[in-house]
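Beneath this line is the structure, given in structure tokens, with notes to follow.
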Amino acid sequence: MKYNLVRGTKDVLPGESGKWQYLTQKASYVYSVFGYCEIKTPIFEVTELFTRGIGETSDIVTKEMYTFLDKKGRSITLRPEGTAGTVRAYIENNLNTLPAPVKLYYIGPMFRYERPQAGRYREHWQMGVEAFGSDSPALDAEVITTALTLLKELGATGLKTNLNSIGCISPDCRPRYVTALKDFLKSRSEKLCDTCKVRLEKNPLRILDCKVETCRSVFNEPGIPKMPEYLCPSCGAHFNKVKEYLKLLKTDYSENYKLVRGFDYYTKTVFEITCDKLGAQNGVLGGGRYNGLVEELGGQPTPAVGFSVGLERLLMSLETLGVKFPDDDAPDVYIVTLGGEAIKKALVVAGELRGAGIKTIMACEDKSMKAQMKLADALKAKKAIIIGDNELKEGVAVIKDMASGTQQKVALTELKGFLSKT
RNA sequence: GUGGCUGUAGCUCAGUUGGUUAGAGUGUCAGAUUGUGGAUCUGAAUGUCGCGGGUUCAAAUCCCGUCAGCCACCCCA
């Protein structure tokens, strides 16, 4: 019987896995430099955490969750995003007693039951940060800077940062805007596509995301209400401060009044970083402020901001941008052995070299020298170490530099020192 | 969930209007005089032609279904 991957999942094979390590290490490094500590939360949680957190009517909750009943009949869901679980852990472990802001980062897989597509998997990895306990616009700016620093550190250029504020739920803020937007769009409803007509009632903000040309032309009319103009004084001041700080930091961003995000929990600042070379799924990184979520999930009222990068999409954009990754898979040395005595010696030598951190592969099988040299070449070994009868008699090994082809004899007792230097 | 394209050796693909033992390149393995790789040459192995059903004397080739991949919608990382 032959088995296949489950739809929408992917093996990360040698060659690729080194790139993943590189990305996760860079993320851990940058996040920790910004003061974040790693948190590992379970891959599954009770379903209600997500329905409450992300929003009952959101697409993720209504049709994209991997939900199942466990043996006791509890409804369990594979996490579709990282924030809800992190918030749950924050509340459950009383992390609010730590000095604020409490800064946490996570790296791990997320699961969404969607049709696979370019840049979209049912299991995908996210590397995100969450900062709890401060409503300061400086923190918003810092969080955005954290994201941009990571991307810069990785050599990503030409990515676009979009910024918006979607205000808060007080009546003179987002609800007032939604009403104004609805009124405006209703007056032009004959120009809207069918799905937008439905969205007009269900989720008017999302209409701004529509890709249909005729809809877009409506959004570009000068009279369309724009969220930033409808923010309440508090949210408006906050947004202005965020922008002021970003300018101070010389951050390259575009204010985009059409930017809205899929989760219900966002308030005030939202942002998104896209790569236009990725196809339809071009969002590489997304985040924002969510001041109501901690309370919604049963904690004390706690303001928070965060973002998350999609590992696969990040990797794809870096590759289309031509970024080179370090190749760590190639061994430093390949030990060629000729005969049983040589294998005994090679076992010992290999141990010494590995102890010194030298990446070593030795030939354990009795193959011809030619075959072994071919293997050394195929594995891209930097050096071949040849141990045969002649060498054993002399107490030496022949070291061949695979790139130049030059070789020299080195005493077996000196090998480790010799290779450590080169 | 909807739509379009695709599905032949590990990989990339040929396969003519349905017609004998399904091919190439690449990779793998082995060899080309005694202990040396990357070039060249020689040889070898590997396919339930995605799966199931149907039409036919005969199907990789036509039809239906199904699964999977890719891409797009929806939505998101």
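Each chain gets a letter, A, B and so on, in the order its sequence line appears, and its residues count up from 1.
Distance CZ (A:Arg115) to P (B:G3): 8 Å, rounded to an integer number of Å. When rounded to the nearest whole Å, the span between CE of A:Met373 and C1' of B:G31 equals 18 Å. Look at CD on A:Gln117: it is 12 Å from C1' on B:G4, rounded to the nearest Å. The distance between atom CZ of A:Arg7 and atom C1' of B:C70, rounded to the nearest whole Å, is 10 Å. Following rounding to the nearest Å, A:Glu81 (CD) and B:C75 (P) show an atom-to-atom distance of 18 Å. Per the geometry, CD1 belonging to A:Ile60 stands 9 Å off C1' belonging to B:A77, to the nearest Å. Distance A:Leu208 CG to B:C74 P: 14 Å, rounded to the nearest Å. What separates CZ of A:Arg216 from P of B:C73 is a distance of 12 Å, to the nearest Å.
If you check every strand for non-hydrogen atoms under 4.0 Å, A:Glu391 touches a base. If you check every strand for non-hydrogen atoms under 4.0 Å, A:Arg261 touches sugar and phosphate atoms only. Nucleic acid contact for A:Ala376: none, since no nucleic acid atom lies under 4.0 Å from a heavy atom of the residue. Residue contacts shown for A:Arg122 are absent, as no nucleic acid heavy atom lies under 4.0 Å away. Looking at heavy-atom distances under 4.0 Å, A:Ala403 makes contact with a base. Heavy atoms of A:Gly128 sit nowhere under 4.0 angstrom from any nucleic acid atom. Using a 4.0 Å heavy-atom distance criterion, A:Gly8 is classed as a sugar-phosphate-only contact. No contact: A:Gln372 has no heavy atom under 4.0 Å from any strand.
Nucleotide B:C13 forms a pair with B:G23, judged by Watson-Crick or G-U wobble geometry with both contacts under 3.5 Å. The nucleotide B:U48 finds no pairing partner, because no Watson-Crick or G-U wobble arrangement with both distances shorter than 3.5 Å includes it. When both distances must be under 3.5 Å, the Watson-Crick or G-U wobble mate of B:G1 is B:C73. Partner assigned to B:A68 is B:U6, using Watson-Crick or G-U wobble distances below 3.5 angstrom. Nucleotide B:G37: unpaired (no Watson-Crick or G-U wobble partner with both distances less than 3.5 Å). If you check B:C29 for Watson-Crick or wobble pairing at under 3.5 angstrom, you find it paired to B:G43.
A donor-acceptor contact shorter than 3.5 Å links the side chain of A:Thr337 to the backbone of A:Ala363. Under the 3.5 Å distance criterion, the side-chain polar atoms of A:Ser32 are matched with a main-chain donor or acceptor of A:Ser28.
Separating the C1' atom of B:A45 from that of B:G31 is a span of 15 Å, rounded to the nearest Å. Rounded to a whole angstrom, the distance from the C1' atom of B:G38 to that of B:A77 is 42 Å. With both ends at atom P, the span from B:U66 to B:G10 equals 28 Å, rounded to whole Å. Separating the P atom of B:A24 from that of B:C41 is a span of 15 Å, rounded to the nearest Å. When the P atom is used for both B:A22 and B:G50, the distance is 15 Å, rounded to whole Å. Straight-line distance between the P atoms of B:U20 and B:G27: roughly 31 Å, to the nearest whole Å. Taking the P atoms as reference points, B:U56 lies 31 Å from B:G3, given to the whole Å. Across the C1' atoms, B:C51 and B:A44 are found 31 Å apart, a figure rounded to whole Å.
Between A:Lys258 and A:Asn220, the side chains place a donor N or O and an acceptor N or O closer than 3.5 Å (distance only, hydrogens not considered). A donor atom on one side chain and an acceptor atom on the other are not found under 3.5 Å apart for A:Ser134 and A:Ser136. A:Asp135 and A:Asn291 are linked by a side-chain donor-acceptor pair at a separation below 3.5 angstrom, with hydrogens and angles left out of the test.
Between A:Lys63 and A:Asp59, at least one side-chain nitrogen of the basic residue sits less than 4.0 Å from a carboxylate oxygen of the acidic one, meeting the salt-bridge criterion.
Candidate nucleotides B:C71, B:A77, B:U36 were compared by shortest atom distance to the side chain of A:Phe263, and B:A77 ranks first. Closest to the side chain of A:Gln281, from the set B:C75, B:U36, B:A77, is B:C75. The nucleotide whose nearest atom lies closest to any side-chain atom of A:Lys211 is, among B:A72, B:A77, B:C74, B:C74. Closest to the A:Lys370 side chain, of the nucleotides B:C75, B:C73, B:G37, is B:G37. Which of B:A72, B:A77, B:C75 sits closest to the side chain of A:His124 comes down to B:A77.
A donor and an acceptor atom never sit less than 3.5 Å apart when one is taken from the side chain of A:Arg206 and the other from the base of B:C75. Remark: the A:Asp377 side chain and the B:G37 base include a donor-acceptor N/O pair separated by less than 3.5 Å. Between the side chain of A:Lys400 and the base of B:U36, a donor-acceptor pair under 3.5 Å is found. Taking only distance into account, the side chain of A:Glu114 meets the base of B:A77 through a donor-acceptor pair shorter than 3.5 Å. No donor-acceptor contact under 3.5 Å links the side chain of A:Asp389 to the base of B:G35.
Comparing A:Thr406 and A:Tyr113, the nucleotide of RNA chain B nearest to each residue sits closer to the 5' end for A:Tyr113. Both A:Gly310 and A:Ile386 lie close to RNA chain B; mapped to their nearest nucleotides by heavy-atom distance, the more 5′-ward contact belongs to A:Ile386.
Below 30°, between 30° and 60°, or above 60°: for A:Phe263 and A:Tyr266 the angle between ring planes is below 30°, a parallel geometry. Ring geometry for A:Tyr90 versus A:Phe132: interplanar angle under 30°, hence parallel rather than tilted (30 to 60°).
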*Assess whether ring-ring contact (aromatic ring centres under 6.0 Å, His included) is satisfied between A:Tyr105 and A:Tyr36, documenting all intermediate values.*
CA-CA 6 Å; A:Tyr105 81 86; A:Tyr36 290 85; 7.5 Å; no
*When every nucleotide of nucleotides 41-49 of chain B is labelled 5' to 3' by its protein contacts under 4.0 Å (heavy atoms), B for base, S for sugar-phosphate only, - for none, what sequence of letters results?*
---------
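Only one option out of A:Thr77, A:Leu78, A:Thr47 pairs with A:Phe68 in a side chain to side chain contact (heavy atoms under 4.5 Å, CB included); it is A:Leu78.
The phosphate of B:C75 (OP1 or OP2) has a side-chain N or O of A:Arg199 nearer than 4.0 angstrom.
Side-chain contact between A:Thr146 and A:Phe307: present, with at least one pair of heavy atoms (C-beta onward) separated by less than 4.5 Å.
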